[in-house]
Amino acid sequence: MSSPSRSLDGQKGDGSGTKPETPRYRSWSSLRFSKWRSASQRATPPATPSPKTEKRSDVSKTLFSLVKTHNDDYTADPDGLLETNGEGEGDSASQSQDQATYFQKQFGSMLQPGVNKFSLRMFGSHKGVAAEQERVKSFGVWIIHPYSDFRFYWDIVMLLLMMSNLVILPWGITFFEDQNTMPWITFNVLSDTLFLMDLVFNFRTGILGEDSHIILDPKEIRIHYLRTWFLVDFISSIPVDYIFLIVDLESRHESSDVYRTARALRIVRFTKILSLLRLLRLSRLIRYIHQWEEIFHMTYDLASAVVRIVNLIGMMLLLCHWDGCLTFMVPMLQDFPPDCWVSKNNMVNSTWHIQYSYALFMAMSHMLCIGYVGATCYAMFLGHATNLVQSLDASHRQYQEKYKQVEQYMSFHKLPADLRQRIHDYYEQRFQGKMFDEDNILGELSDPLKEEIVSYNCRGLVANMPLFANTDPHFVTVILTKLRFEVFQPGDFIIREGTLGRKMYFIQHGTVTIIPRGSKEIKLSDGAYFGEICLLTQGRRTASVRAETYCRLYSLSADSFSEVLEEHPLMRRAFESVAVNRLDRVARRPSYQPVPDE
């Protein structure tokens, strides 16, 4: 066996009869040899030095050295498994720390308010949401913001869990004697665990304080929760099934005769009664529903009414379900005496489907029949339903109340039937079955909102009126905000000749006839306007205007007209030019005819 020899880089080499080198050992040897060779090549001067050739040679050698070093490094450690001077361990620790920091940031961002329509409505803008996020971070401890993504999804889970608990728990406790099955134990253990977690989360969830300010101080949150709903939530979250499971396991260690003693049966019955404490979770369900109604901020009458109707029907069905379970549970706890309804109907050993359906039928019969319970339930349901129907259309109810006063007024003054009919038609055309205090509503809004609403309501008028087609948009907006809506019936004289001109009119819908003295009548319809000449000349009306159909007009008073034209002098000149042209056309007629005031 030959002795080992040393290679050029000083490492030991094997003879022909020795075990061959491992790939990692050979790669490091080739790496060091390649570095030595590249260094020796750089140290050897060129044979024929030339400035350009030398420069190119240096660049080529440098590139060759870099490429060779990279290839040798990759060959020596293609998977990055070798470490040099402990750098690998430091990189691994740094990566682990970065990964932990990443997960902490992700979890922290879930506890902060997200950028959604709820938080934007609450805080006004993206900048306000960002400021709230920084405020959450400033506390230094984990606080769940009520508008965070985590709380949103957690509330969904708890809402579904509460609904299932309120339905399944009474049903399972009443109609199933063996409650030691794996599905039942799993459901109860999971429910109790999540409710206990929710109890803890409530101590760390911000609350909505006065002036829409979110309270994030842990001490204030804890005091507020302890003073309000903690006791009810704690009682409803007591893990009764854990206690029952422990008692049951201890009893099973004893003999079967002891397990079936009367004392064990009393424990089972008492545990069933204690399990009913979970029904206090109904308070959580009601709180969550109200909270979601506030979050979604249902401003539409139909959506709000649908949610309230669904809540009412669901609550009545839940009460019927509870009453049915209680109807069967009472004789069950008494071991089904011979005079109970279960024994009389031979349902002691029936399936739970038959028992539950008959118990639910009896419960609904009691709730709907004539009696103390039935009368109470009927009154509650009827009262809530009446409130719902009345709240469906408050404006229509206000219109009906107003028109009742009008009817009483007409009856008190004994107005003739035709006049009463005209008044009735006017109210139908003017308010169309709904009545709003529009001036009060618009007066409470800001000027931009008011202008946007008026522009939208008058969009048809603006589209049909050539006057507003190529005009300054600000002028159009100012004009629209000063308009007043009016309705005229067929045959009504909107303007009478010889009266002072105090208004001009814009036709939104309908047809009017201008009746000048001694001249041909002129008809105007949608998009036209009339009455502006007297506002410019401060004179009297030179023609009458009569409504031919139901006319929906917008009027502009003389003061508002002058105020708008003072702000827009160019439009004053345009109106004056139109008025002069109309007067010139009248003056050039063969026989002088008064100008139609249009």
Side-chain angles (χ1 to χ4, degrees), residues 395-396 399 402-403 406 418-439 442 453-471 475-517 519-536 540-558 560-561 564 575 578-579 582 594-598:
S395 60
H396 181 66
Y399 169 79
K402 181 66 176 180
Y403 190 72
V406 175
D418 57 344
L419 182 56
R420 293 188 183 189
Q421 184 61 40
R422 292 191 61 194
I423 294 175
H424 172 77
D425 295 341
Y426 173 82
Y427 268 86
E428 289 293 328
Q429 291 291 329
R430 173 66 177 83
F431 299 103
Q432 297 184 355
K434 297 180 181 292
M435 182 168 288
F436 308 95
D437 191 355
E438 189 171 7
D439 293 336
L442 296 179
I453 292 174
V454 173
S455 299
Y456 181 80
N457 293 338
C458 301
R459 63 190 184 279
L461 176 66
V462 175
N464 295 329
M465 186 162 292
L467 174 66
F468 296 150
N470 299 318
T471 311
F475 169 77
V476 177
T477 302
V478 174
I479 283 285
L480 295 180
T481 56
K482 297 182 180 300
L483 296 180
R484 293 293 177 267
F485 181 71
E486 297 185 23
V487 172
F488 293 92
Q489 294 177 301
D492 289 348
F493 277 89
I494 305 172
I495 292 177
R496 292 187 179 275
E497 182 183 359
T499 59
L500 292 175
R502 302 184 184 278
K503 294 180 182 179
M504 68 171 296
Y505 296 90
F506 301 89
I507 304 176
Q508 181 190 32
H509 180 70
T511 302
V512 300
T513 300
I514 299 178
I515 310 173
R517 183 184 303 172
S519 180
K520 185 178 179 180
E521 296 180 352
I522 303 173
K523 292 186 178 295
L524 300 178
S525 58
D526 301 0
Y529 64 94
F530 57 92
E532 80 285 356
I533 295 179
C534 286
L535 300 186
L536 292 171
R540 294 182 177 273
R541 304 289 189 184
T542 59
S544 298
V545 180
R546 184 182 64 232
E548 297 297 328
T549 61
Y550 277 102
C551 295
R552 304 171 66 86
L553 311 178
Y554 284 95
S555 63
L556 181 66
S557 65
S560 299
F561 182 76
V564 172
F575 276 108
V578 172
R582 289 178 177 177
V595 58
D597 192 11
E598 54 173 318

Problem - Arg502 atom CZ, over 12 foreign heavy atoms within 6.0 Å - result: no

Problem - Check: Thr511 main-chain N/O paired with Thr549 side-chain donor or acceptor under 3.5 Å - result: yes

Handout entry: Closest contact, heavy atoms only, His396 versus Gly433
Key = ND1-O, 2.8 Å

Handout entry: Check: Asp492 side chain, Arg546 main-chain N or O, donor-acceptor pair, under 3.5 Å
Key = no

Problem - Evaluation steps, side chain to side chain contact (heavy atoms under 4.5 Å, CB included), between Leu461 and Leu483 - result: CA-CA 11 Å; Leu461 176 66; Leu483 296 180; 4.1 Å; yes

Exercise for the section: Report the residue from Gln421, Arg422, Gln429 that forms a side chain to side chain donor-acceptor pair (under 3.5 Å) with Asp425. Expected result: Gln421

Practice task
Would you name the heavy atoms of Cys534 and Gly501 that are closest together and state the gap between them?
Solution key: CB-CA, 4.0 Å

Exercise for the section: Any chance you could lay out the side chain to side chain contact (heavy atoms under 4.5 Å, CB included) test for Phe485 and Glu438, step after step, and finish with the verdict? Expected result: CA-CA 11 Å; Phe485 181 71; Glu438 189 171 7; 5.9 Å; no

Exercise for the section: Drop me the distance from Met435's CE to Arg430's CZ, to the nearest 0.5 angstrom. Expected result: 8.5 Å

Problem - Shortest non-hydrogen separation from Glu521 to Pro516 and the atoms involved - result: CA-CD, 4.4 Å

Practice task
Mind running side chain to side chain contact (heavy atoms under 4.5 Å, CB included) on Tyr529 and Leu556 for me, showing each step along the way?
Solution key: CA-CA 11 Å; Tyr529 64 94; Leu556 181 66; over 6 Å; no

Practice task
On the 0 to 90° scale, with breaks at 30° and 60°, tag the Tyr427-Tyr403 ring pair as parallel, tilted or perpendicular.
Solution key: perpendicular

Exercise for the section: Verify the ring-centre separation between Tyr550 and His509: is it less than 6.0 angstrom? Expected result: no

Handout entry: Over 12 non-hydrogen atoms of neighbours within 6.0 angstrom of NZ in Lys434
Key = yes

